[in-house]
Every structure is written in structure tokens, then in C-alpha cells.
*Asks:* 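Supplied in C-alpha cells, the structure appears directly below.
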Amino acid sequence: MTFDTYDARALEALLEFYVEAGIDFALDEEPHDRFADTATEAAARAEQRARVSDDDRPPLPERAAPSRERTELPRAAAVPAFPQGTETADEAALSARSAARGARTMDELRDRLAAFEACALKRTAKSLVFADGNPSARVMLVGEAPGRDEDLQGLPFVGRSGQLLDRMLAAIGLNRESVYIANIVPWRPPGNRTPTPQEAAICRPFIERQIELCDPDILVCLGGPSAQALLGIKEGILRSRGKWVEYHTGTRAIRALATLHPAYLLRQPLQKKLAWRDLRALRHTLDSLKRPETSQQS
């Protein structure tokens, strides 16, 4: 391996680290060492102080006697935790529930979500990442939140984790035309951080309505945050994965399964064997289930 090859790989690893940390754009055209500037300024000040002897220094001004009157300091303007017009997370969640319940189709739900202003994540994200796949699919997968690639393209699971998800689905005979994919939170959190419980609670009415409109036979929660938000699971994902539970849409109960998030599998490739067990269980259950109309015709 040549030095140039090693150097290129090191730079590529550094760039990947920057992207994962949320540093995805440059401030200047050229590198700017702000630490060096600070050190230079400090050295200049020290040199200037050294040139001034004790006799040459100007006398200190006399300090005025402290006033006994209380001085009101100007207060900084408070930054609202939620956009103007929404005071609390509870009120924002109620607003989201009202907007989501009024949607009769997926297109209408997407329009209502695009017009929703009570989630602060919308102000920092580039795109609304609504869904991908077949809205009439028998299997619906729900992740946590979009990442950088998803925010740029406006589609869920299109980055490295999305490519792994495609291969996982293909291993059991599925693809994006036979499943429906969405997220708990449709806007990318800054720096790819985990959405706060308040942010998930505000957006949950929309994903719940999305599940109702899709009406799948099987719901798959990708990762712990998704399982906690939709299935109420308190255990960690390694303990809760692979266990079938019921998810109630309000009109019927559907089978639900929590499994490991593809992004976690990229960091922990040895855990892919657990995900493969979950995928096989998904395939077996999907084959054993039949739509009500199919059962009536047979």
C-alpha cells in the first residue's frame, strides 16, 4: 500500500466522521486555523504588555462608589421551544392529532404534514421525508428519523443503511414495490441526533394515521425508538426484537415485530444473524397470513 493510498483512506474516514457528526458543509473556501489565530493574538497581547513598564502604565481610574439602587439588566429574548402559536408539546401533539385525523388519503396526509408548523425540526430540515414504496403493501416498515442522504433526496432509507435494508428485503423475496417505508419523525434532526421524546410525541399522530391508511398485515419497527413509540416497548431492542405483538390501529389489530435498525447492523455486523432470524420469521408469518377478502374467496 502506497502512502498516497493510505492518506486517501485516512481522509475518507475523516470525512465520514464529519458527516456522522453533522458537519456536512464548509464555511470557508480554504482551511482556516482558528486556534492558530487565537494563539497569535494572545502572543501579540503578551508582547505588548511586556513593553510597558510599571512606571509607564497609566494610573487606574478611581472606582465610583457602588449604588444601592437596583439596576435592571436587559434580558435576552427567549427562544421558544416550539414555533410561535404552539406553547407546549402537548398542544402541538393535539394539533397534530387533529390534522392527521382529518386526512382521508395518503396524499392528503402528506399535504397536511407538509403544512404542519408545530414541530421545530421542520425549520432545520431541508426536506419532508414522508414515505417510499407501495402504500397498499402488506408489510409496513417504520424507522426512527431521516438522515443526511434522506433529507437531501426526500425519501426514507436511501443512504448506506437503506442499501442494506434493500438487501435484507431481497433476501426474503421483498423489495420497495412490495413494502411501505416511513419514519416516526419525517424531518431530519440536526446532526443526525436521536429525536427527543417530545419531537416523537408531536409527530406520532401522523405516523399512526399513516399506518391506518396503509392498513398492512404486518408492521415492522426498525430500531428501539420506533418500537418504543409505536409498540410501547420499554426494554432495549436486543431484548424486545423478534417477539410478535399486536398493534391496534383503531379498526383492527395487526401483527407487529421489532427488529434491529440497519444503521445499527452497519456498526455491529455480527448482529446480522439476529436480524436474519427476524426476517425469516417475517417471511413465514407473511406467508401464513391471508387478507380477509382472500380468505372469503377461497
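Predicted model, so just to flag it, every value in this text is computed and none were measured.
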*Asks:* Any non-hydrogen side-chain atom of F157 less than 4.5 Å from a side-chain atom of P262?
*Replies:* yes
*Asks:* To the nearest 0.5 Å, how far apart are CG in N175 and CG in N134?
*Replies:*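 Spacing of CG (N175) from CG (N134) equals 9.5 Å.
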*Asks:* Between I233 and R239, is the side chain to side chain contact (heavy atoms under 4.5 Å, CB included) condition met? List the steps.
*Replies:* CA-CA 10 Å; I233 293 176; R239 286 180 173 269; over 6 Å; no
*Asks:* In the structure I gave you, are the side-chain heavy atoms of Y264 and L238 within less than 4.5 Å of one another anywhere?
*Replies:*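 In contact.
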*Asks:* Report whether M106 and I207 are members of the same hydrophobic cluster (ILVMFWY, side-chain heavy atoms less than 4.5 Å apart, transitive linking).
*Replies:* yes
*Asks:* For residues E108 and G102, report the shortest heavy-atom separation together with the two atoms involved.
*Replies:* OE2-O, 3.2 Å
*Asks:* May I ask you to test the S127-L152 pair for a side-chain heavy-atom distance under 4.5 Å?
*Replies:*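 The answer is no; the side chains never approach within 4.5 Å.
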*Asks:* Examine distances only and state if a side-chain atom of R255 and a backbone atom of L289 form a donor-acceptor pair shorter than 3.5 Å.
*Replies:* no
*Asks:* Is a side-chain donor or acceptor of R138 paired with a backbone partner of L286 at a separation under 3.5 angstrom?
*Replies:*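 Yes.
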*Asks:* Side chain of R188, backbone of D151: donor and acceptor closer than 3.5 Å?
*Replies:*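 Not a single qualifying donor-acceptor pair exists.
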*Asks:* Quick one: do L282 and L164 end up in the same hydrophobic cluster if we chain Ile, Leu, Val, Met, Phe, Trp and Tyr together by side-chain heavy atoms under 4.5 Å apart?
*Replies:*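 Yes, same cluster.
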*Asks:* Which of these passes side-chain contact (heavy atoms from CB on, under 4.5 Å) with V142: L222, I184, N183?
*Replies:*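 Single pass found, and it is I184.
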*Asks:* With the 4.5 Å side-chain cut-off for hydrophobic clustering, are L213 and V129 part of the same group?
*Replies:* no
*Asks:* At their closest point, which heavy atom of A258 faces which heavy atom of A227, and how far apart are they?
*Replies:* CB-CB, 3.9 Å
*Asks:* Between S178 and A137, what is the shortest heavy-atom contact and its length?
*Replies:*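 Smallest heavy-atom distance, with atoms named: O-CB, 3.4 Å.
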*Asks:* Quick one: do Y180 and L219 satisfy side chain to side chain contact (heavy atoms under 4.5 Å, CB included)? Show the steps, please.
*Replies:* CA-CA 10 Å; Y180 189 60; L219 173 67; over 6 Å; no
*Asks:* Quick one: pull up CZ in R209 and SG in C214 and give me the separation to the nearest 0.5 Å.
*Replies:*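 Going from the CZ atom of R209 to the SG atom of C214 covers 12.0 Å.
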*Asks:* Inspect the contact between R101 and E208 and indicate whether a charged nitrogen and a carboxylate oxygen are less than 4.0 angstrom apart.
*Replies:*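 A salt bridge is absent here (no side-chain N lies under 4.0 Å from a carboxylate O).
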*Asks:* Would you name the heavy atoms of A115 and K122 that are closest together and state the gap between them?
*Replies:*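 Looking at all heavy atoms of both residues, the closest pair is C-NZ, 3.9 Å.
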*Asks:* About how many Å separate CD of Q228 and CD of E235, when rounded to the nearest 0.5 Å?
*Replies:*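 Going from CD on E235 over to CD on Q228, the span is 10.5 Å.
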*Asks:* Look at the side chain of R241 and the backbone N and O of L260, then say whether any donor-acceptor pair between them is shorter than 3.5 Å.
*Replies:* no
*Asks:* Hey, does L121 have a side-chain heavy atom less than 4.5 Å from the side chain of P190?
*Replies:*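 Side chain of P190 against side chain of L121, heavy atoms only: contact under 4.5 Å found.
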*Asks:* If you define the side chain from C-beta out and look only at heavy atoms, does anything of W187 sit under 4.5 Å from P195?
*Replies:*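 No. Closest side-chain heavy atoms not under 4.5 Å.
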*Asks:* Do R283 and L174 have side chains that approach each other closer than 4.5 Å (heavy atoms only, starting at C-beta)?
*Replies:* yes
*Asks:* Please confirm whether the backbone N or O of C119 pairs with a side-chain atom of E199, one donor and one acceptor, at under 3.5 Å?
*Replies:* no
*Asks:* If you look at every heavy atom in I254 and R252, which pair is closest and at what distance?
*Replies:*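 Where I254 meets R252 most closely, the heavy atoms are CG2-CZ, 3.5 Å.
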*Asks:* Can you name the closest pair of heavy atoms from L231 and A256 and give their distance?
*Replies:*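 Shortest heavy-atom contact: CD2-CB, 3.7 Å.
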*Asks:* I218 and side-chain contact (heavy atoms from CB on, under 4.5 Å): which single residue from T285, L141, V179 fits?
*Replies:* T285
*Asks:* To the closest 0.5 Å, what do you measure between OG1 (T259) and NE2 (H261)?
*Replies:* 10.5 Å
*Asks:* Hey, are R160 and D149 close enough for a salt bridge, meaning a charged N less than 4.0 Å from a carboxylate O?
*Replies:* no
*Asks:* Please test M140 against I211 for side chain to side chain contact (heavy atoms under 4.5 Å, CB included), starting from the C-alpha separation and ending with a verdict.
*Replies:* CA-CA 8 Å; M140 180 172 179; I211 296 172; 3.8 Å; yes
*Asks:* Look at the side-chain heavy atoms of Ile, Leu, Val, Met, Phe, Trp and Tyr, link any pair under 4.5 Å apart, and say whether L230 and F130 land in one connected group.
*Replies:* yes
*Asks:* Quick one: pull up CD in Q163 and CG in L165 and give me the separation to the nearest 0.5 Å.
*Replies:* 11.0 Å
*Asks:* With a 4.5 Å limit on heavy-atom distance, are the side chains of L279 and M168 in contact?
*Replies:*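 Side-chain contact under 4.5 Å: yes.
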*Asks:* Are V158 and I181 connected in a single hydrophobic cluster, I mean Ile/Leu/Val/Met/Phe/Trp/Tyr linked by side-chain heavy atoms less than 4.5 Å apart?
*Replies:* no
*Asks:* Could you measure the distance from the CD atom of E91 to the CG atom of L94? Nearest 0.5 Å is fine.
*Replies:* 7.5 Å
